[in-house]
Asks: 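One structure, pasted below without further comment.
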Amino acid sequence: MGFGDLKTPGGLKVLNDFLADKSYIEGWVPSQADVAVFDAIPSAPSTVQCHALRWYNHIKSFQNQKGSLPGVKKPLGQYGPSGVEDNTAADSKDDDDDMDLFGSDDEVTASCLEFNSTLLILTSQWTACFGDSVSAGRVHYSGGW
């Protein structure tokens with residue numbers, strides 16, 4: 001059981017696939033399971049891993065409350081899909097000191113640029129599909145049910 005090494009693209013892919021139909025690592029609310037997995041990820045996943053990125057951003061919003069979330073924090077290898085090798089025991093030392101919760105200015109700038117470029121692509125795709133009248137708010141419902 002586990003996600004593998006969440007510092008590698010392979011581990012993030014396993015996490016992304018796991019979260020494709022889930023909002024949380026365990027259960028229906030954010031918990032210590034989410035905190036344990038979140039703490040193992042060095043930075044936000046790329047937009048390619050859309051489910052992992054959605055989950056990451058959501059759990060990041062609970063950083064001020066992470067100690068009060070329900071559940072008991074277990075070793076990282078006890079979370080995730082079965083059939084994935086747990087290689088977290090070899091890297092079990094506590095390395096929270098190098099975790100940058102807020103990111104540097106460079107990371108924030110890169111994140112903003114990535115978001116802006118994604119927004120630009122989506123806007124152009126929307127306009128290509130629906131035309132300028134939709135993006136300008138001039139859509140009128142003319143049909144009936």
Asks: Can you classify the ring geometry of H58 versus Y24 as parallel (below 30°), tilted (30 to 60°) or perpendicular (above 60°)?
Replies: tilted

Asks: What's the shortest heavy-atom distance between A44 and L53, and which atoms?
Replies: CB-CD1, 4.1 Å

Asks: Taking atom CG of L12 and atom NZ of K7, what is their separation to the nearest 0.5 Å?
Replies: 11.5 Å

Asks: For A40 and L76, which heavy atoms make the closest approach, and how far apart are they?
Replies: CB-CD2, 3.4 Å

Asks: Taking all heavy atoms of T8 and all of D5, pick out the closest pair and write down the distance.
Replies: OG1-O, 2.7 Å

Asks: About how many Å separate CD1 of I59 and CG of D39, when rounded to the nearest 0.5 Å?
Replies: 11.0 Å

Asks: Applying side-chain hydrogen bond (donor to acceptor under 3.5 Å, both in side chains), name anything that partners S46, two or more places apart in sequence or on another chain.
Replies: Q49

Asks: With sequence neighbours excluded, what pairs up with K13 under the side-chain hydrogen bond (donor to acceptor under 3.5 Å, both in side chains) test?
Replies: D17

Asks: Please report the shortest heavy-atom distance between G2 and V14, naming the atom on each side.
Replies: O-CG1, 4.3 Å

Asks: Taking only residues at least two apart or on different chains, which pairs with a member in residues 23-33 satisfy salt bridge (Lys or Arg N to Asp or Glu O under 4.0 Å)?
Replies: E26-K74

Asks: Which residues pass the salt bridge (Lys or Arg N to Asp or Glu O under 4.0 Å) test with K22, sequence neighbours left out?
Replies: none

Asks: Please find the pair of heavy atoms, one from G80 and one from F3, that lie closest to each other, and give the distance.
Replies: CA-CZ, 3.3 Å

Asks: Which donor-acceptor pairs under 3.5 Å do the side chains of residues 28-37 make with protein atoms, sequence neighbours left out?
Replies:
unit_1, atom_1, unit_2, atom_2, d
S31, OG, A33, N, 3.3
Q32, NE2, K66, O, 2.7
Q32, NE2, L69, O, 3.0
D34, OD1, I25, N, 2.9
D34, OD1, W55, NE1, 2.8
D34, OD2, S31, N, 3.0

